[in-house]
Amino acid sequence: MADVLLKVTDLSIVFGGLKAVSGFSCELSMGELVGLIGPNGAGKTTVFNMLSGVYTPTSGEIDYWDRKGRVHKVGTKGPASLNQIGIARTFQNIRLFGNMTVEGNARIALHSRRVETPLDVLFRLKRFRIDEERMKLEAEEILSLFKIDNKKYELARNLPYGEQRKLEIARALASNPVLLLLDEPAAGMNGQETEDLMKLIAFIRKEFRLSILLIEHDMRLVMGICERIMVLDYGRIIASGTPEEIQKDPAVIKAYLGEDAV
Ligand SMILES: Nc1ncnc2c1ncn2[C@@H]1O[C@H](COP(=O)(O)OP(=O)(O)OP(=O)(O)O)[C@@H](O)[C@H]1O
Ligand SMILES: [Mg+2]
């Protein structure tokens, strides 16, 4: 299983009496871009919350292989330690430090991968200064990739919505992930912005050799860039396959359009 990055087995979570996700299993290989779609309330974000350590699964296993090929049990770790080993995410409801600058937001994420010790920081040793300089350059680079470097001194909350979404992805990327989880990155974007974002996601996947799991309601975006798609409905996977297979799957059409559609 050399190139398997993530193996999820029979994952379930119950809230009160509600089984929000039930028997979810999947495998993700290095470099894959896989879509996770389904109607509102299907359990997509809940899957992400379990993969990123926000929720502890009620049952099931999540195995993740880091850069060095070491296996980790995701279900027992919190978001910060998962971020350290290469799992980063964006949120459906944007979460930025609104009163901080654009650059500040990017630099915070870079902190999770700095090399200096607390003593270096305390005495402002050379290693600290080199690190500060390197982080500044890296933050610039990532922001320019997303074409928001010209806004680096603006407060994050003053950016238009589409750019806030981009900054969120930039920030996730700055933590140097192996697995990137994107929860509706195109939500609230117009057609042109969505188109640009689609190209950008494909580009960063290649450039940063990432594996990406993408939740998205915009079918054009999902069908356009994903190699493989999983469809959730009422917490269960009802279909999984190539975009072509998914588009003509009767169970998928029924889930989206109701009984009358098939
Ligand atoms: N913390 C929670 N407590 C109770 N119920 C929850 C919690 N989180 C999610 N749920 C419920 O779990 C179900 C799945 O929600 P989830 O947010 O995962 O759906 P989704 O597929 O992401 O939907 P959308 O497309 O609207 O974002 C919903 O019925 C939701 O109300
Ligand atoms: Mg959601």
Side-chain angles (χ1 to χ4, degrees), residues 6 8-26 28 33-62 74-80 82-83 87-96 161-162 164-169 171-172 177 179-190 193-194 197-198 201 212-226 228-241 243 246-247 249 251-258 261:
L6 189 72
V8 181
T9 315
D10 212 11
L11 198 63
S12 299
I13 190 163
V14 182
F15 297 117
L18 175 82
K19 244 188 171 182
V21 173
S22 183
F24 181 90
S25 297
C26 75
L28 196 66
L33 204 176
V34 175
L36 182 59
I37 66 170
N40 289 119
K44 306 178 296 293
T45 298
T46 304
V47 167
F48 269 25
N49 283 336
M50 290 190 280
L51 296 181
S52 60
V54 176
Y55 292 161
T56 305
T58 306
S59 60
E61 297 283 323
I62 309 168
V74 167
T76 60
K77 294 178 193 289
L82 290 175
N83 194 232
I87 301 179
R89 73 173 293 182
T90 63
F91 290 86
Q92 186 168 355
N93 310 310
I94 299 174
R95 290 192 197 176
L96 293 167
Y161 193 69
Q164 290 196 17
R165 285 235 168 257
K166 282 199 206 169
L167 178 56
E168 234 213 345
I169 304 173
R171 202 179 57 168
L179 174 61
L180 182 60
L181 308 170
L182 299 175
D183 196 347
E184 300 197 28
M189 287 189 175
N190 65 34
E193 284 174 326
T194 303
L197 183 72
M198 201 160 103
I201 292 173
I212 299 179
L213 205 51
L214 172 73
I215 296 177
E216 188 49 67
H217 280 292
D218 189 309
M219 286 303 134
R220 234 171 67 80
L221 195 151
V222 172
M223 300 293 169
I225 60 173
C226 294
R228 199 151 63 78
I229 294 169
M230 296 179 282
V231 188
L232 265 188
D233 193 22
Y234 294 109
R236 294 184 171 277
I237 295 185
I238 56 162
S240 149
I246 292 301
Q247 264 166 322
D249 190 306
V252 177
I253 298 170
K254 188 169 140 193
Y256 271 92
L257 304 172

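Remember, it's 1-based here, ligands and their atoms both numbered in the order they're listed. Reckoned from all heavy atoms, side chains included, excluding hydrogens, waters and symmetry mates. We count residues from 1, following the sequence as given.
Scanning both residues, Phe48 and Asp183, for their nearest heavy atoms gives CE2-N, 3.7 Å. Between Cys26 and Met230, the shortest heavy-atom distance links the atoms CB-SD, 3.5 Å. Scanning both residues, Gly224 and Met198, for their nearest heavy atoms gives CA-CE, 4.5 Å.
The single protein non-hydrogen atom nearest to atom 1 (N) of ligand 1 is Tyr55 OH, 2.9 Å, given as residue, atom name and distance. Among all non-hydrogen protein atoms, the one lying nearest atom 5 (N) of ligand 1 is Phe15 CD1, 3.4 Å. The single protein non-hydrogen atom nearest to atom 26 (O) of ligand 1 is Asn40 ND2, 2.9 Å, given as residue, atom name and distance. Distance from atom 15 (O) of ligand 1 to its nearest protein heavy atom, with residue and atom name: Thr46 OG1, 3.7 Å. Among all non-hydrogen protein atoms, the one lying nearest atom 14 (C) of ligand 1 is Gly41 O, 3.4 Å. In terms of protein heavy-atom proximity, atom 30 (C) of ligand 1 is closest to Leu18 CD2, 4.6 Å. What sits closest to atom 12 (O) of ligand 1 on the protein, heavy atoms only, is Ala20 CB, 3.4 Å. Closest to atom 27 (O) of ligand 1, if we only count protein heavy atoms, is Gln92 NE2, 2.7 Å.
Listed for the Tyr256 side chain is a donor-acceptor partner under 3.5 Å among the backbone atoms of Gly38. Lys44 places a side-chain N or O within donor-acceptor distance of the main-chain N or O of Pro39, the cut-off being under 3.5 Å. Arg171 places a side-chain N or O within donor-acceptor distance of the main-chain N or O of Arg95, the cut-off being under 3.5 Å.
Within the 4.5 Å cutoff, side-chain heavy atoms of Ile37 are placed close to those of Met219. Residues Tyr55 and Val21 have side chains not in contact (no heavy-atom distance under 4.5 Å, counting atoms from C-beta outward). When side chains are defined from C-beta on, Ile246 counts as touching Val231, because their heavy atoms get closer than 4.5 Å.
Close contacts between ligand 1 and Glu184 involve ligand atoms 25 (O), 27 (O) [criterion: under 4.0 Å to a heavy atom]. Short contacts between ligand 1 and His217, defined as distances under 4.0 Å to a heavy atom of the residue, involve ligand atoms 25 (O).
Note on Asn40: not counted as a metal contact of the Mg ion (ligand 2), no N/O/S atom lying under 2.8 Å. Among the backbone and side-chain atoms of Thr46, no N/O/S atom is found under 2.8 Å from the Mg ion (ligand 2).
In terms of polar-atom proximity, defined here as any N/O pair under 3.5 Å, Gly38 makes no such contact with ligand 1.
At a 4.0 Å cut-off, not a single heavy atom of Phe48 sits close enough to ligand 1 to count as contact.
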